[in-house]
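All chains are named by letter (A, B, ...) in the order of the sequence lines, taking the proteins before the strands, and each is independently numbered beginning at 1. Atom set for the values below is all heavy atoms of this structure, side chains included, hydrogens, waters and symmetry mates excluded.
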Amino acid sequence: MNDTIAAIATALGIGSISIIRISGEKAITIVNRIFKGADLKEVDSHTIHYGFIMNGAEKIDEVLVTVMRAPKSFTTEDVVEINCHGGIAATNKVLEMLLINGIRLAEPGEFTKRAFLNGRIDLLEAEGIMDLIEAKTEKKRSLALSQMGGKISNLIRDLRKDIVEIISHIEVNIDYPEYEDIEVLKKEDILPKLEKIDQKINHILKESNDASIIEDGILTAIIGRPNVGKSSLLNVLLDEEKAIVTDIPGTTRDIVEGLVPIDGILLKIIDTAGIRNTEDKVESIGVKKSYDFIEKADLILFVLNYNQSLTREDLQILEKIKNKNYIVVINKVDLERRIEVEKLPYEKTVYMSALKKSGVEKIKTKIHEMYHLEKLETQDPTYLTNARSLALLEKAKISLENGRKALENGICVDMAEIDIREAWSILGEITGDTYTNELIDELFSRFCLGK
Amino acid sequence: MKYEVIVVGGGHAGCEASLASARKGHRTLLITGRIGNIATMPCNPSIGGSAKGIVVREIDALGGEMGKNADQSLLQMKMLNYKKGPAVRALRAQADKVTYPQNMLQTLQNTDYLDIKEGIVEDLIVEEHKVQGVVLEDSEKILSNMVILTTGTYLKADILVGDTRRREGPNGERPSEFLSDRLKELGFKIIRLKTGTPQRIEKRSIDFTKVKLELGDSKLYTFSHDNEAYYQVEEQIPCHLVYTNEKTHQIIRENLSKSSMYGGLNDIEGIGPRYCPSIEDKIVRFSDKERHQLFLEPESLYYDDIYLQGFSTSMPYDVQEDMVHSLEGFEHAIIKKYAYAIEYDAIYPTQLKQSLETKLIENLFTAGQINGTSGYEEAACQGLMAGINASLKLEGKEPLVLRRSDAYIGVLIDDLVTKGVRDPYRLLTSRAEYRLLLRHDNADLRLREYGYQVGLIDEKKYQKYLDKKNKIQELTNLLKNTKITPKKNINEYFEKIGSPILKDSISLYNLLKRQEFDMDKLKQFIEIPYDKEITEEVELFNKYEGYIKKAEEEVRKMLSLEDEKIPDFINYDRIKNLASEAKQKLKEVKPTSIGQAMRISGVNPSDISILMIYLKKGEKNGK
């Protein structure tokens, strides 16, 4: 079990920092390969180093890397921890880079398991770990199952089918060399097939990147009449000046997206245009979209002005969202109260001042309560599965590429098949069905052989 | 008179098993139904083939007999897959069905410590889960320390033709009626398998002008590492090729219900091999194929039969006549022996240890078709391993267990004892995940050491192997240490053969890595005083180093898991959190290592984690 494993050790989300932990004998060498900064192979143990994670010439993230050499580490193996700063996408990309470079994604609880197996933690904890492994795996399994119903998994199964057709044909040629009515696959036959498979992989990769992981999380709509402070609320939540905040009603016509991590869960925030009955054409498109987003959103933050009394529109909206997850956010509490709070649901209402940046924590706490966040796994497997699938897909692509190169360089078909077969088994890791008997079944069902 | 080892059955497994234990100096008795039928080839007259040919080399490397015996009985030899690549090359020989058994019998008879006896074994003497000997049908008891069952298809064998079933083994020999019942009583799970064999046709009755000629290779080869050839390249006997046609298919379709397998018999239990379906199977399953290939293989120089490979069937005799006569060139063919299917009992092989000793009865080993395999080579290699391991047990030593990365033999035995079988098991290159390492050319490099250690390889052969190994190292060093520098004449030559010109000096070893270069081209720079056997090995490693290293890395990972041992006293019921399917499978297979446990279908990675933690915990508690 001395292969090298990696996983994101911190809670999921755009925390300011996320840590990727790597453990195993190749931890230092492989991280060093993609790290621009100090030579990690030379640095002292338990030191921290500033630099960049690179993908070729491209900087992926600005990071701090900690090196802990065996045996003085959590797992007693060589351990490297990468502190990523670039948010979820960058962290994901760094993890992907590691996986492509030959590190395996850790199973749930695997670091702890290694720590135990290597004698680092004691017996009492063992039972706990076993429960953990089982619980997490069960969850992962059911999750994986639900995901596997999806489009991507079907596409990957198709890819595997394409590949196994090539492999089983090559295998039949090898195992039954004297059957001349089974056409012998040559380089010229295989190359176009590989090309086609490569195109399919590229397509999936593109689709997967488009539907990036960032879009997972709770789809949240901030709604309210113009100028109640929706953009301000977004800014406060985002903690930076991303959206334009003005006093002129109706300036936020475009839907602005923002991402807010709350205890490991991502809010995907849609800043809707001010909701009001408007004659303005451009604005009305925005308003219509806002209503659409009430329908689509998982969570609605309904912003009201403390300084204004409730309008008919406000009450209409309240009626419209009553069966959804929502929070009434009353902004501008620094001003004089004109709002009729008694008409609002008490337990769903929070007060804040975007201007003074106060009350934001109360919103987060409310969301936390509503979604029972403390009960969610910190290392959410959906996210990892995605990162993992993408990395595996990239890896499969590289294997196929190697196979293609080998064929083009005149290497015999049975060698190139090793690469092609590797791609097939990597894809199987995504869908969870890597088993050689599958190949043998294929062999006998597709070809007519016998004595 | 008490023996140390009794081998029951004189087929390919039984011969290797009894030779191995007798050669190791243990008093051995081989019991066979008929001495005249020892080492016969009841099916095709050939030895080797893809993967199987490599097994024959492995048997030879370990000190077994099959390779040498085949070399002495050759009618034709071919190197298969020569162009497909070094990892999949394998020898296939046509062997003489008269000479092969004769030579083998002679070897057996000339072996010290080995007695041969005719008889049918119907019972085992078992005391306290330990085998003590065998009982023959006439109630004679023979005692021994070890018993190796290599009964082939002879346990309750039934020959099936059309709607008839009769209790009989191959070659008209009597089967064992009660031994499999006895095994069942002892607690073994018995399965029923089925296989078949095609017609033999009288050679003179075939019009050879209408069939295609298939010649042997023009290069001389041997299975044995002794490299002693007993045949002349130009005197090989040819094979021929013929195709089925629409008329053949029509006859089969019209008579399908008469085939034993398609309704002729309604009491078929046996599961036939997927890799060699009967001709009716092929026509039903691949109905779009207009023709199927049939090979005409000569059986012997001493009689006239031609084996019609690919025409295996369980049709009644009259339909077989029509089928055969429909083939081009076979209009007047005379069938000397009709095709038949055979059903027989076998032991479900997960009941065996990696050493081929049964888990239920100590000192009882099984090898060959009784373990659910098919093929002479598969049988022989198991026989050899059972013979070696029974001997090692007598000597109080650890068994020899070949790993999946050591040999096809290791793949075969591991598959059997870990995964069990559904249909008769045939070796295929696709079953070996490290086939790049398990090559024809390096069987001795992989296995001679083991053969020497168990005492089946003599000093002379061992020295020859060491010498080969040293020379490979020498030549590799020579090429690595010899550098050529960019000179005008050298670069002109490079340009001529389309190789990038030199800017710095380069070692010959690295030069050899270039596609445009081979060992012969290096000879202009340096003298290479080594045999082809050595140069080919070095060149092969050089050219495929990347792939080989990758495979070796995989093996290293696998082996570290094989080293995580599971004690045989483990109680899976006591492991909390283990999935129930995994629990049941683990109890059945009783894997000896984590590596083996991982290969059991139905055992998931999380079960493995839990198992590892449990084991570690036990270890700590023990301290």
Side-chain angles (χ1 to χ4, degrees), chain A residues 1-3 107-110 113 116-117 119 122-123 126-127 129-131 133-134 136-138 140-141 167-168 170-182 184 402 406 409-419 421-422 435-437 439-441 443-445 447-451, chain B residues 43-44 50-51 80-81 83-88 92 196-198 214 241 243 274-279 281-282 285-286 289 291-293 295 309-310 312 419 428-431 433 435-436 515 543-544 547 550-551 557 560-561 564 576-577 601 604-606 609-610 612-614 616-617 620-621:
Chain A
M1 292 305 272
N2 45 12
D3 59 343
E107 298 290 331
E110 196 171 0
K113 186 178 100 182
F116 174 76
L117 291 179
D122 72 7
L123 181 60
E127 297 287 342
I129 304 166
M130 276 153 80
D131 289 335
I133 289 170
E134 194 195 41
K136 289 213 177 185
T137 327
E138 279 315 309
K140 194 168 162 186
R141 216 175 275 159
I167 305 172
S168 63
I170 296 173
E171 294 287 336
V172 162
N173 290 158
I174 292 167
D175 274 322
Y176 295 87
E178 290 167 317
Y179 278 73
E180 55 183 37
D181 47 347
I182 296 170
V184 175
N402 288 340
N409 288 329
I411 303 271
C412 1
V413 169
D414 82 299
M415 291 289 173
E417 195 223 341
I418 296 174
D419 292 313
R421 203 166 159 152
E422 189 175 72
Y435 192 46
T436 15
N437 273 6
L439 173 65
I440 287 160
D441 290 340
L443 216 87
F444 293 124
S445 61
F447 297 95
C448 178
L449 313 153
K451 67 179 169 184
Chain B
C43 199
N44 53 333
S50 187
L80 303 176
N81 294 329
K83 285 185 186 146
K84 287 198 194 98
V88 294
R92 180 183 197 274
T197 191
E214 294 271 304
L241 182 62
Y243 296 96
R274 284 177 296 169
Y275 53 84
C276 55
S278 63
I279 187 74
D281 260 351
K282 289 189 229 176
R285 282 174 51 204
F286 301 93
K289 285 202 80 166
R291 61 177 200 180
H292 295 272
Q293 214 174 3
F295 287 101
Q309 200 233 82
S312 158
K419 297 176 182 163
L428 298 162
T429 59
S430 23
R431 298 196 197 266
E433 49 281 72
R435 72 169 183 229
L436 184 50
Q515 279 301 317
K543 294 278 186 202
Y544 301 108
Y547 284 104
K550 205 157 137 188
K557 273 192 213 161
S560 73
L561 293 167
E564 303 264 349
K576 214 178 109 186
N577 305 55
S601 64
N604 292 312
S606 61
S609 293
I610 286 165
M612 285 175 76
I613 286 172
Y614 178 83
K616 192 76 187 179
K617 211 173 94 181
K620 286 191 172 179
N621 275 339

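- Checked against side chain to side chain donor-acceptor pair (under 3.5 Å), Asn173(A) has no partners two or more places apart in sequence or in another chain.
- Taking the salt bridge (charged side-chain N to carboxylate O under 4.0 Å, His left out) definition, one finds that Lys550(B) meets it with Asp419(A), Glu422(A), sequence neighbours left out.
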**Item:** Check against salt bridge (charged side-chain N to carboxylate O under 4.0 Å, His left out), Arg431(B) and Glu171(A)
**Value:** CA-CA 10 Å; Arg431(B) 298 196 197 266; Glu171(A) 294 287 336; over 6 Å; no
**Request:** Give the C-alpha distance, both sets of side-chain angles, the deciding distance and a yes or no for side chain to side chain contact (heavy atoms under 4.5 Å, CB included) between Asp414(A) and Arg435(B).
**Result:** CA-CA 10 Å; Asp414(A) 82 299; Arg435(B) 72 169 183 229; 4.2 Å; yes
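- Ranked by heavy-atom pairs under 4.5 Å with chain B, the first of Ile418(A), Ile170(A), Asn402(A), Val184(A) is Ile418(A).
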**Message:** What verdict does the salt bridge (charged side-chain N to carboxylate O under 4.0 Å, His left out) test give for Glu417(A) and Lys84(B), after you've listed the backbone C-alpha separation in whole Å, the side-chain angles of each residue and the deciding distance to 0.1 Å?
**Reply:** CA-CA 11 Å; Glu417(A) 195 223 341; Lys84(B) 287 198 194 98; over 6 Å; no
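- Atom CG of Asp175(A) sits about 3.5 Å away from atom OG1 of Thr429(B), to the nearest 0.5 Å.
- Using a 4.5 Å heavy-atom threshold, the side chains of Leu428(B) and Tyr176(A) count as touching.
- The distance from the OH atom of Tyr544(B) to the SG atom of Cys412(A) is 3.0 Å, given to the nearest 0.5 Å.
- Of the atoms belonging to Ile174(A), heavy atoms from both backbone and side chain fall under 4.5 Å from chain B.
- Counting heavy atoms from C-beta on, the side chains of Met415(A) and Pro86(B) come closer than 4.5 Å.
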